[in-house]
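What follows is a short report on a single structure.
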Amino acid sequence: MTISMFLDPVRPWRVLIAGAGAIGCTLAARLAAAGHTVDLLARGRTLQTLREQGLVLDDLDGRWHSPVRAIAHVDERQNEHGNEPAPDLVLLCSKSQDLPALAEQVQPCLGPGTLIVPLVNGVPFWFFHGAGGRFDGQTVQAVDPQGRLAQALPLDQVLGAVVFVTAESTGAGRVRSRTPHLLMLGEPAGGLSPRLQALCEMFAQAGIEARPQERLRDTLWTKLIANLTSNPLSVVTRATLQAIYSDPVLLETVRAVMHETMLVASAYGARLSIDPIEFLQLGAGMGAVRTSMLQDFERDRPLELAAIGDAVVELAERYALPMPATRTLLSQTRWHAARRAERRLAEPATA
Ligand SMILES: NC(=O)C1=CN([C@@H]2O[C@H](COP(=O)(O)OP(=O)(O)OC[C@H]3O[C@@H](n4cnc5c(N)ncnc54)[C@H](OP(=O)(O)O)[C@@H]3O)[C@@H](O)[C@H]2O)C=CC1
Ligand SMILES: CC(C)(CO)C(=O)C(=O)O
């Protein structure tokens with residue numbers, strides 16, 4: 001019997017949040033404010049600022065100064081007697097390429113009842129876990145090339161998430177979120193389990209709407225279509241969502257990538273509820289939003305192309321589906337990222 005069988009949404013949970021960026025800090029602030037015990041695994045200047053000044057979130061409900069404990073290693077969770085129960089919940093909140101290292105960092109403190117939720121864009125590493133069908137249990141190479149994630153995390157304790165929270169860091173330990181907090185959560189094997197319901201309720205009590213999904217992969221494909229049609233193209237063009245989804249020239253690429261991705265989704269049995277025309281209208285209605293990938297590009301940070309792009313191409317290859325427009329777009333995005341890196345290297349160093 002595992003601890004999670006007793007998870008009670010109203011008692012305080014022991015939560016470990018790994019990754020103190022925009023999403024990790026937003027969730028940490030709201031969960032701590034709701035009375036949960038929150039440890040936030042951070043590094044560098046963020047860790048130092050969190051220790052010295054604490055965490056501040058500005059969201060639609062106001063300003064939150066929340067009592068989180070910033071830690072550099074999970075063994076700092078131990079008290080003076082050298083013991084600390086395993087967390088009830090671990091949220092992994094990094095860019096997808098950083099997930100293996102983060103998973104290995106949290107692995108030593110996991111207990112048999114710890115729920116683990118990666119909050120990461122793109123095809124998840126657990127995609128084939130509990131999926132049934134001919135690929136059941138296989139690995140998505142693009143997101144877990146050395147099998148480090150599957151090794152570090154007990155898959156039966158992993159719940160999937162599709163992130164609709166939007167947030168941006170405004171400085172170390174400072175975060176701003178201007179939309180209602182929304183997560184879609186689901187069991188990799190599908191269905192509505194008691195632990196999934198308890199987790200959704202626990203988030204809801206902290207002001208984070210969490211919708212339990214019987215078929216999370218359907219929602220995942222919808223988000224992938226949004227990411228794949230807009231994130232790489234935003235790097236190539238520097239355009240906002242409004243421009244990407246309304247400019248007639250850019251719409252040609254958007255439509256081509258959307259149709260290719262929808263075909264892959266249907267090959268995997270996804271039941272998509274999106275109407276393509278409505279989808280484009282919704283995208284255009286998002287306004288002057290710069291995608292997370294464009295923001296990473298402008299900050300000279302690595303791009304999440306493996307999880308958002310390469311992984312979908314890999315899934316397509318399993319069914320011999322060509323993705324010519326998507327492949328071209330991904331190559332062009334990489335070309336722009338490489339040119340930018342070269343220009344940065346050529347710039348004279350500032351004192
Ligand atoms: N922000 C948003 O609005 C949305 C984000 N998402 C997705 O959610 C995920 C998280 O995004 P977001 O929070 O914005 O990303 P950020 O880049 O803001 O945050 C990631 C954090 O993880 C930290 N980190 C990475 N590796 C380690 C490590 N080994 N040890 C300690 N800390 C580590 C980073 O530290 P450092 O800064 O030192 O690198 C950074 O603070 C991504 O997949 C993103 O695409 C999805 C929807 C919306
Ligand atoms: C806003 C959106 C949906 C654009 O694809 C996104 O998730 C991102 O910027 O990463």
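Count residues from 1 along the sequence. All figures in this text were calculated on a predicted structure; none of them were measured in a lab. Just follow the structure's listing: the first ligand is 1, and inside any ligand the first atom is 1.
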Just jot down the ligand 1 atoms closer than 4.0 angstrom to any heavy atom of Leu102, in number order. 27 (C), 28 (C), 29 (N), 30 (N), 31 (C), 33 (C)
I'd like to check which ligand 1 atoms, numbered from 1 as shown, lie under 4.0 Å from a non-hydrogen atom of Asp98. 25 (C), 26 (N)
Return the CG to CG distance between Leu280 and Leu251, rounded to the nearest 0.5 Å. 6.0 Å
What about Ala101: any of its N or O atoms under 3.5 Å from an N or O on ligand 1? no
Ion pair check, Arg195 and Glu187, cut-off under 4.0 Å: yes
In this structure, does ligand 1 have an atom that sits under 4.0 Å from one of the heavy atoms of Thr46? no
Between CG of Leu16 and OG1 of Thr37, what distance do you get to the nearest 0.5 Å? 12.0 Å
Does Arg43 reach ligand 1 with a nitrogen or oxygen that is under 3.5 Å from one of the ligand's nitrogen or oxygen atoms? yes
of all protein heavy atoms, closest to atom 17 (O) of ligand 1 is Lys95 NZ, 3.2 Å
Atoms of ligand 2 less than 4.0 Å from Ala226 heavy atoms? 5 (O)
Main-chain N/O of Leu149 paired with Asp144 side-chain donor or acceptor, under 3.5 Å: yes
Could you check whether the rings of Trp221 and Phe127 sit parallel, tilted or perpendicular, using 30° and 60° as the cut-offs? perpendicular
Val120, any N or O under 3.5 Å of ligand 1 N or O: no
If you measure from each heavy atom of Gly44 to ligand 1, is any distance below 4.0 Å? no
Which part of Asp296 is near ligand 1, with near meaning a heavy atom under 4.0 Å away: side chain, backbone, both or neither? neither
Would you mind listing which atoms of ligand 1 come within a distance below 4.0 Å of any non-hydrogen atom of Gln105? 28 (C), 29 (N), 30 (N)
Taking only heavy atoms of Asn121, which atoms of ligand 2 are found under 4.0 Å from at least one of them? 7 (O), 10 (O)
Leu330 side chain near Asp310 side chain, heavy-atom distance below 4.5 Å: yes
Of the non-hydrogen atoms in Ser246 and Ala284, which two are nearest, and what is the gap between them? CB-CB, 4.1 Å
Among Val162, Asn231, Leu228, Thr291, which residue places a heavy atom closest to atom 5 (O) of ligand 2? Asn231
Salt bridge (Lys or Arg N to Asp or Glu O under 4.0 Å) between Arg327 and Glu317: does it pass, once the steps are laid out? CA-CA 12 Å; Arg327 285 174 190 272; Glu317 279 170 353; 2.9 Å; yes
For atom 10 (C) of ligand 1, what is the closest protein heavy atom, and at what distance to 0.1 Å? Ser94 O, 3.6 Å
With a 4.5 Å limit on heavy-atom distance, are the side chains of Pro212 and Gln197 in contact? yes
Could an N or O of ligand 1 be found under 3.5 Å from any N or O of Ala167, whether backbone or side chain? yes
Ignoring angles and geometry beyond distance, decide whether Lys223 reaches within less than 3.5 Å of ligand 1 through its nitrogen or oxygen atoms. no
Looking at atom 1 (C) of ligand 2, what's its closest protein heavy atom, distance included? Leu241 CD1, 4.1 Å
Does any N or O atom in Ser230 lie less than 3.5 angstrom from one in ligand 2, N or O only? yes
Check whether Tyr268 forms a cation-pi arrangement with Arg217 (NZ or CZ under 6.0 Å from the six-membered ring centre, at most 45° off the ring normal). no
Hey, is the main chain of Ala325 close enough, under 3.5 Å, to the side chain of Glu260 for a donor-acceptor pair? yes
Verify, without hydrogens or angle tests, whether Glu314 (side chain) and Ala142 (backbone) share a donor-acceptor contact under 3.5 angstrom. yes
Does any N/O atom on Asn121 come nearer than 3.5 Å to any N/O atom on ligand 1? yes
Counting from 1 in the order shown, the ligand 1 atoms closer than 4.0 Å to a non-hydrogen atom of Thr166 are 3 (O)
Give me the residue, atom name and distance of the protein heavy atom closest to atom 6 (C) of ligand 2. Asn227 ND2, 3.3 Å
Quick test of your reading of the structure: of Gly21, Ala307, Ser96, whose heavy atom lies closest to atom 40 (C) of ligand 1? Gly21
With backbone taken as N, CA, C and O and side chain as the heavy atoms from C-beta onward, which portion of Ala18 lies under 4.0 Å from ligand 1: side chain, backbone, both, or neither? neither
Write out the residue and atom name of the closest protein heavy atom to atom 10 (O) of ligand 2, then the distance separating them to 0.1 Å. Ser292 OG, 2.5 Å
Glu76 side-chain N/O to His73 backbone N/O, donor-acceptor pair under 3.5 Å: yes
What atoms in ligand 1 come closer than 4.0 Å to a heavy atom of Ala20? 41 (O)
Between Asn231 and Leu303, does the side chain to side chain contact (heavy atoms under 4.5 Å, CB included) criterion hold? Intermediate values first, please. CA-CA 10 Å; Asn231 292 34; Leu303 308 184; over 6 Å; no
Output the list of atoms in ligand 1 that are nearer than 4.0 Å to some heavy atom of Cys93, sorted by atom number. 20 (C), 21 (C), 22 (O)
Lys223 near ligand 2, heavy-atom distance under 4.0 Å? yes
Report yes or no: does a heavy atom of Asn227 sit under 4.0 Å from some atom of ligand 1? no
Step by step, would you call Thr179 with Thr166 a side-chain hydrogen bond (donor to acceptor under 3.5 Å, both in side chains)? CA-CA 6 Å; Thr179 53; Thr166 67; 2.6 Å; yes
With hydrophobic residues grouped by side-chain heavy-atom distances under 4.5 Å, do Val15 and Ile71 end up in a single group? no
Nearest candidate to atom 36 (P) of ligand 1, where distance is taken over non-hydrogen atoms, out of Glu104, Glu304, Arg301: Arg301
With backbone taken as N, CA, C and O and side chain as the heavy atoms from C-beta onward, which portion of Ala22 lies under 4.0 Å from ligand 1: side chain, backbone, both, or neither? both
Should one rank Leu41, Leu119, Ile23 by closest heavy-atom distance to atom 9 (C) of ligand 1, which comes out on top? Leu119
Drop me the distance from Asn227's CG to Thr222's OG1, to the nearest 0.5 angstrom. 11.0 Å
